[in-house]
Amino acid sequence: MTIRIAEAQDAEAIQAIYAPIVAETAISFEIEPPTVAQMRERIIDTLRHFPWLVSLNAQGAVNGYVYACKHRERAAYRWSVDTAAYVRTDSCRTGIGARLYRALFAELVGLGYYQAFAGITLPNDASIALHESVGFTLIGVFRNVGFKREAWRDVGWWQKSLQPLGTPAEPIAFS
């Protein structure tokens, strides 16, 4: 398996991983799957400031991805990020998600970030297991925060410290 920075031309493969999650599950709170063009714009926009990584299988096909984005708007939050990871269905439970996350954490530390957060729609045992396996811990649950697939959904929030706390320098933009 190879891990590298995502590129605009990965949008089709990334969209193919994400679209069924949007359309067929409550895991994502998006209602309509993004188009390939929209996914391409998301990748380009994210890479202006944050890492987005993909994993490639032995044949060179994208089989998973992970990225970081801004945690909150207020300036004092600028050393924290939200994260997300998705793995192609035929590659689940192979360690790809954990390897992607570890590579993402290394990038984030190098950029000067201290805390990573992940919101997980509940229930989702596989995502919880992945996040806890790489060091995230549950910090709380937003109850009945979203309505999708004819039901109110809870979202659990997990946190991971990326490096020891200290007086931070400005985070470096990823580019």
Side-chain angles (χ1 to χ4, degrees), residues 3-8 10-11 14-15 17-18 21-22 26-55 64-87 97-122 124 127-128 130-148 152-175:
I3 295 176
R4 65 163 169 77
I5 297 167
E7 300 170 351
D10 295 324
I14 289 170
Q15 192 269 354
I17 293 168
Y18 187 59
I21 292 167
V22 173
I27 291 170
S28 167
F29 275 10
E30 291 195 66
I31 302 300
E32 296 295 326
T35 65
V36 172
Q38 289 169 324
M39 191 59 75
R40 184 176 299 108
E41 284 304 311
R42 290 180 187 188
I43 294 165
I44 291 166
D45 289 345
T46 298
L47 287 172
R48 288 187 178 117
H49 303 283
F50 300 98
W52 186 315
L53 307 175
V54 295
S55 63
Y65 66 96
V66 64
Y67 63 90
C69 60
K70 184 185 292 190
H71 175 62
R72 302 280 304 233
E73 282 298 317
R74 304 289 187 261
Y77 288 115
R78 68 185 173 272
W79 294 279
S80 296
V81 296
D82 287 348
T83 62
Y86 295 95
V87 175
R99 289 180 67 188
L100 279 164
Y101 255 134
R102 284 191 287 275
L104 179 67
F105 298 153
E107 293 283 348
L108 292 170
V109 168
L111 295 170
Y113 292 98
Y114 285 81
Q115 303 296 326
F117 295 89
I120 302 172
T121 304
L122 302 175
N124 189 336
S127 186
I128 292 168
L130 166 62
H131 286 83
E132 291 182 351
S133 78
V134 295
F136 281 91
T137 57
L138 178 65
I139 57 171
V141 177
F142 292 0
R143 303 274 178 213
N144 302 309
V145 70
F147 188 83
K148 186 170 180 189
W152 285 101
R153 306 294 174 169
D154 295 346
V155 173
W157 282 94
W158 274 255
Q159 179 177 358
K160 176 178 175 56
S161 292
L162 299 170
Q163 60 178 311
L165 298 178
T167 304
E170 283 300 311
I172 301 166
F174 185 83
S175 54

Item checked: With Arg153 via salt bridge (Lys or Arg N to Asp or Glu O under 4.0 Å) - residues at least two apart -> none
Margin query: Could you measure the distance from the CD atom of Gln163 to the OH atom of Tyr114? Nearest 0.5 Å is fine.
Written below: 4.5 Å
Item checked: Which atom of Leu100 lies closest to which atom of Val54, heavy atoms considered -> CD2-C, 3.8 Å
Note to self: Return the CH2 to OG distance between Trp158 and Ser127, rounded to the nearest 0.5 Å.
What the structure shows: 7.5 Å
Notebook entry, point to check: So Tyr67 and Ile43, side-chain contact (heavy atoms from CB on, under 4.5 Å) or not? Walk me through it.
Noted result: CA-CA 9 Å; Tyr67 63 90; Ile43 294 165; over 6 Å; no
Next item on the list: Report yes or no: does Lys70 contribute a side-chain atom to a donor-acceptor pair with the main-chain N or O of Phe50 at less than 3.5 Å?
Entry: no
Notebook entry, point to check: Residues in ring pair (Phe, Tyr, Trp, His ring centres under 6.0 Å) with Phe174, at least two apart?
Noted result: none
Note to self: Restricting to side chain to side chain donor-acceptor pair (under 3.5 Å), what partner residues turn up for Asp45, sequence neighbours left out?
What the structure shows: Arg48
Notebook entry, point to check: So which heavy atom on Leu162 is nearest to which on Val109, and how close?
Noted result: O-CG2, 3.4 Å
Checklist line | Interatomic distance, Asp10 atom CG to Leu53 atom CG [nearest 0.5 angstrom] | finding: 11.0 Å
Notebook entry, point to check: Taking all atoms of both residues into account, what is the closest heavy-atom pair of Met39 and Ala11, and its distance?
Noted result: CG-O, 3.9 Å
Note to self: I'd like to check the ring pair (Phe, Tyr, Trp, His ring centres under 6.0 Å) partners of Phe147; sequence neighbours left out, ordered by chain and number.
What the structure shows: Trp152
Margin query: Checking Ser28 now: which residues fulfil side chain to side chain donor-acceptor pair (under 3.5 Å) with it, not counting sequence neighbours?
Written below: Tyr18
Next item on the list: Report the residues that fulfil salt bridge (Lys or Arg N to Asp or Glu O under 4.0 Å) with Asp82, sequence neighbours left out, ordered by chain and then residue number.
Entry: none
Next item on the list: Check salt bridge (Lys or Arg N to Asp or Glu O under 4.0 Å) between Glu30 and all other residues, then give those that pass, not counting sequence neighbours.
Entry: Arg42
Item checked: Closest non-hydrogen atom pair, Ile27 against Thr121 -> O-OG1, 2.9 Å
Next item on the list: Would you mind listing every side chain to side chain donor-acceptor pair (under 3.5 Å) that reaches into residues 97-109, with sequence neighbours excluded?
Entry: Thr83-Tyr101, Tyr101-His131
Notebook entry, point to check: Between atom CG of Leu108 and atom CD1 of Ile172, what is the distance when rounded to the nearest 0.5 Å?
Noted result: 11.5 Å
Note to self: Show the nearest heavy-atom pair for residues Val66 and Ala85, with the distance to one decimal.
What the structure shows: CG2-CB, 3.9 Å
Margin query: A quick test of your reading: do over 12 heavy atoms of other residues, nucleotides or ligands sit less than 6.0 Å from NE2 of His71?
Written below: yes
Check: Given the rule in the side-chain contact (heavy atoms from CB on, under 4.5 Å) test, do Lys148 and Val22 qualify, once you have shown the distances and angles that lead to the verdict?
Finding: CA-CA 10 Å; Lys148 186 170 180 189; Val22 173; 4.3 Å; yes
Notebook entry, point to check: If you draw a 6.0 Å radius around CZ in Arg72, do more than 12 non-hydrogen atoms from other residues or ligands fall strictly inside?
Noted result: no
Margin query: To the closest 0.5 Å, what do you measure between CH2 (Trp79) and CD (Glu170)?
Written below: 5.5 Å
Notebook entry, point to check: Asp154 versus Val145: any side-chain heavy-atom pair under 4.5 Å?
Noted result: no
Margin query: Going by side chain to side chain donor-acceptor pair (under 3.5 Å), name the residues that satisfy it together with Gln115, two or more places apart in sequence or in a different chain.
Written below: Gln159, Ser161
Next item on the list: Quick one: do Leu122 and Ile128 satisfy side-chain contact (heavy atoms from CB on, under 4.5 Å)? Show the steps, please.
Entry: CA-CA 9 Å; Leu122 302 175; Ile128 292 168; 3.8 Å; yes
Notebook entry, point to check: Taking the side chain as C-beta and beyond, is there a heavy-atom pair between Leu111 and Pro51 under 4.5 Å?
Noted result: yes
Check: Taking only residues two or more places apart in sequence, or in another chain, which ones meet Tyr65 in a ring pair (Phe, Tyr, Trp, His ring centres under 6.0 Å)?
Finding: Trp52, Tyr86
Item checked: Interatomic spacing from CZ in Phe29 to CD1 in Ile31 - rounded to 0.5 Å -> 8.5 Å
Checklist line | Steps toward side-chain contact (heavy atoms from CB on, under 4.5 Å) verdict (Val155, Ile120) | finding: CA-CA 5 Å; Val155 173; Ile120 302 172; 5.7 Å; no
Note to self: Ignoring hydrogens, what is the shortest heavy-atom contact between Thr35 and Gln38? Give both atom names and the distance.
What the structure shows: N-OE1, 2.7 Å
Check: side chain to side chain donor-acceptor pair (under 3.5 Å) with Glu32: which residues, sequence neighbours excluded?
Finding: none
Check: Got a sec, which residues hit salt bridge (Lys or Arg N to Asp or Glu O under 4.0 Å) with Arg74, two or more places apart in sequence or on another chain?
Finding: none
